[in-house]
Amino acid sequence: PGARSHRERKHPYPGLLSGLLEGLLEAREQPALPVKAHEERLPSGKRGVSLAFLRGLRRFYAARGGLDKHMGQVCKEAGFEASICSLTRSTGLSLAESVALLLPASEQDASALVGKATTFFSYSWTGTMLGDMLAAIEGKLVELEAADGVKRFVWVDMFCASQTLLAGEFRDDAKHSKGSEGYLARKEDTDHIFEDALGAVDELMLYLSPLTAKWMAPPDPYLLPGDRGDLPPADWERRGPGAMTRAWCMFEMSKALAKGCRLHVVLCPADVEGFEALLTEQFDEIAHIVAALDASDAQISKVEDREYILGEVEKLEGGLGGVTTAVCERLREWLAGEGRRAVDNLSGEERRQESALGLISRVGRLLNDQGKLGEAEVLMREALEAMRATLGDRHPHTLA
């Protein structure tokens, strides 16, 4: 208890946030309209959340069994009293705005928890558990902030967009027809919140888990249906990162890369733990998954999002095909960099083992495909000479 109280005095904000969330949980009464009109709200680009905010969320949801829930459940699961929609029903705002609204009364500095977004977090709700997501972001923030001393504020849609408005909890279609002033006041301003957030940041954090798992595609429409129809086949099995199958994620990544944002790939704890083994044993599979990405196969949860996303994508160089090319190229760069790090970490004895030689050779081929011939030659010559020495000149691996 003494050590814990010392930590809480030194880093009070996770505990403060947990207390604020308790207050939101008790304030269940829903107003007729959000407590602030769109023009009065905190601009989207200033709704980033800090490491302390994320740690406070972890503490809050750990006490309520929420860390093992998927993000759709975290948002609005029926019967889950601590869902994001439940927490923000009394304000109609995003969780970040709701917390900032309460902070002046607590006489604490709001900037410790909510501030101008520096880093955009792109991920898929489908298949992502809250605990895994928080661990991935927190781990990368600790690493980045320790390296350069710069405090980050991450824009995560679950916490920085109004989930009650997106869920339609304030809508009354019988009184307010679509497009009317009353209707617009009761829906999230999706025409601006993502653009404003992406405009504020200079980093993109991409959640790339699960790296190689197979899973059944949800019954969501294609972003670009074409001749194949609007809906995918019922037995469509997808593989690899869920983010790379979602239209919003592909859009977010292409917009961020187009403006020169730095890319940080983050993984869930299970993928982090087994990453070195994955690189050694399944490098070709990961490379194939990355190379096979196609933005035209992306899916959307809401058909009404299609017009906006496609309209924005058309403003980018190369349109939808350009999105695929840009995303694949950057992920191949990430994979090549991780492969080089894994090779560099091998000891002299490890580099002569067959599994390590396979990794060295495959990283060399990837660098060769990227046109980095000098780097590729060094690795491929090393692999060739080691294979000659250990396997012989006529072994299939040596000949290949």
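Along the sequence shown, residues are numbered consecutively beginning with 1.
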Practice problem: Answer yes or no: are there more than 12 heavy-atom neighbours, outside K151 itself, under 6.0 Å from its atom NZ? | Solution: yes

| said: Please check if the number of heavy atoms outside E317 that lie under 6.0 Å from its CD is greater than 12. | reply: no

Margin query: Less than 4.0 angstrom from a charged side-chain N to a carboxylate O is my criterion; do E97 and K36 meet it?
Written below: no

Is there a donor-acceptor pair closer than 3.5 Å between any side-chain N or O of K187 and the backbone N or O of R171? no

Residue pairs meeting side chain to side chain donor-acceptor pair (under 3.5 Å), one or both in residues 126-150, sequence neighbours left out, come to R58-E138, K140-E143, D148-R152

### Query
Within the side chain of R186, is there an N or O that forms a donor-acceptor pair under 3.5 Å with the backbone of D173?
no

Do you reckon L141 sits in the same ILVMFWY cluster as L263, going by side-chain contacts under 4.5 Å, direct or chained? no

*Under 6.0 Å from the NZ atom of K69, do we count more than 12 heavy atoms belonging to anything else shown?*
yes

Contacts of H70 meeting ring pair (Phe, Tyr, Trp, His ring centres under 6.0 Å) (sequence neighbours excluded), chain-then-number -> none

**Prompt:** Could you walk me through whether K315 and E312 pass the salt bridge (Lys or Arg N to Asp or Glu O under 4.0 Å) check?
**Reply:** CA-CA 5 Å; K315 299 176 185 178; E312 290 297 307; 2.8 Å; yes

Between L103 and L20 the two heavy atoms that sit nearest each other are CD2-CD1, 3.7 Å

Between the CD1 atom in I300 and the CG atom in D230, the distance rounded to the nearest 0.5 Å is 7.0 Å

Q. Quick check: are there more than 12 heavy atoms from other residues, nucleotides or ligands sitting under 6.0 Å from CD of E39?
A. yes

- Task: Examine distances only and state if a side-chain atom of R262 and a backbone atom of E203 form a donor-acceptor pair shorter than 3.5 Å.
- Result: no

Carboxylate-amine/guanidinium proximity below 4.0 Å for R41 and E188:
yes

Q. So, does R47 use its side chain to make a donor-acceptor pair with the main chain of A96 at under 3.5 Å?
A. no

Tightest non-hydrogen contact, residues V290 and C328, listed as O-SG, 3.3 Å

Which pairs of donor and acceptor atoms, one on a side chain in residues 357-365, lie under 3.5 Å apart (sequence neighbours left out)?
unit_1 : atom_1 : unit_2 : atom_2 : d
S361   : OG     : R365   : NH1    : 3.3
R362   : NH2    : T280   : O      : 2.9

**Item:** Over 12 non-hydrogen atoms of neighbours within 6.0 angstrom of CD in E273
**Value:** no

### Message
Using the rule that Ile, Leu, Val, Met, Phe, Trp and Tyr join whenever any side-chain heavy atoms are under 4.5 Å apart, tell me whether F120 and M250 fall into a single cluster.
### Response
yes

Notebook entry, point to check: Do other residues, nucleotides or ligands put more than 12 heavy atoms under 6.0 Å from E237 CD?
Noted result: yes

| field | In one Ile/Leu/Val/Met/Phe/Trp/Tyr side-chain cluster, 4.5 Å: F121, W334 | value | no

Check whether any side-chain N or O of Q30 sits under 3.5 Å from a backbone N or O of E169 as a donor-acceptor pair, and report yes or no. yes

Rounded to the nearest 0.5 Å, the OH atom of Y308 sits from the CD atom of E195 at a distance of 5.0 Å

Interatomic distance, CG@L166 vs SG@C75, rounded to 0.5 Å, equals 7.5 Å

Sequence neighbours excluded, the answer for ring pair (Phe, Tyr, Trp, His ring centres under 6.0 Å) partners of H395 is H397

T91 side chain to V35 backbone, donor-acceptor under 3.5 Å: no

Within the side chain of S347, is there an N or O that forms a donor-acceptor pair under 3.5 Å with the backbone of E350? yes

Contacts of F159 meeting ring pair (Phe, Tyr, Trp, His ring centres under 6.0 Å) (sequence neighbours excluded), chain-then-number -> none

Rounded to the nearest 0.5 angstrom, the CG-CG distance for L54 and L113 is 10.0 Å

Residues D297 and R238: closest non-hydrogen pair is O-NH1, 3.1 Å

Tell me if a side-chain donor or acceptor on S254 pairs with a main-chain N or O of V323 at a distance below 3.5 Å.
no

Shortest non-hydrogen pair, A295 vs T324, comes out as N-OG1, 2.8 Å

Between the CD atom in Q73 and the CH2 atom in W125, the distance rounded to the nearest 0.5 Å is 11.5 Å

Applying ring pair (Phe, Tyr, Trp, His ring centres under 6.0 Å) to W215 and not counting sequence neighbours gives none

Q | R246/D305 salt bridge by N-O under 4.0 Å criterion | A | no

With Q163 as partner, the option from L87, I84, L93 fulfilling side-chain contact (heavy atoms from CB on, under 4.5 Å) is I84

**Prompt:** Should L316 and L331 be regarded as members of a common hydrophobic cluster, given that ILVMFWY residues are connected when their side-chain heavy atoms come within less than 4.5 Å of each other, either directly or indirectly?
**Reply:** yes

Taken to the nearest 0.5 Å, the spacing of E81 CD from S86 OG works out to 8.0 Å

Taking every heavy atom of F153 against every heavy atom of K116, the minimum-distance pair comes out as CB-O, 3.4 Å

Take atom CD of E304 as the centre, draw a 6.0 Å sphere, and report whether it contains more than 12 heavy atoms from other residues, nucleotides or ligands.
-> yes

Transitively linked via ILVMFWY side-chain contacts under 4.5 Å: L293 with L278?
-> yes

Q) Please walk me through it: do F283 and L366 pass side chain to side chain contact (heavy atoms under 4.5 Å, CB included)? A) CA-CA 10 Å; F283 189 89; L366 179 57; 3.7 Å; yes

### Message
Go through it in stages, so that I can follow the logic: the residues are E22 and R64, the test is salt bridge (Lys or Arg N to Asp or Glu O under 4.0 Å), and I'd like the CA-CA distance, side-chain angles, deciding distance and then a yes or no.
### Response
CA-CA 11 Å; E22 293 284 357; R64 288 163 179 77; 2.3 Å; yes

Checking the side chain of Q282 only, and the main-chain atoms of T212 only, is there a donor and an acceptor separated by less than 3.5 Å? no

Heavy-atom nearest pair, Y123 first then V156, reads CE2-CG1, 3.9 Å

Other residues, nucleotides, ligands: >12 heavy atoms within 6.0 Å of R381 CZ: no

Any donor-acceptor pair under 3.5 Å linking the side chain of R59 with the backbone of R55?
-> no

- Can you tell me if S301 and W248 form a side-chain donor-acceptor pair at under 3.5 Å? no

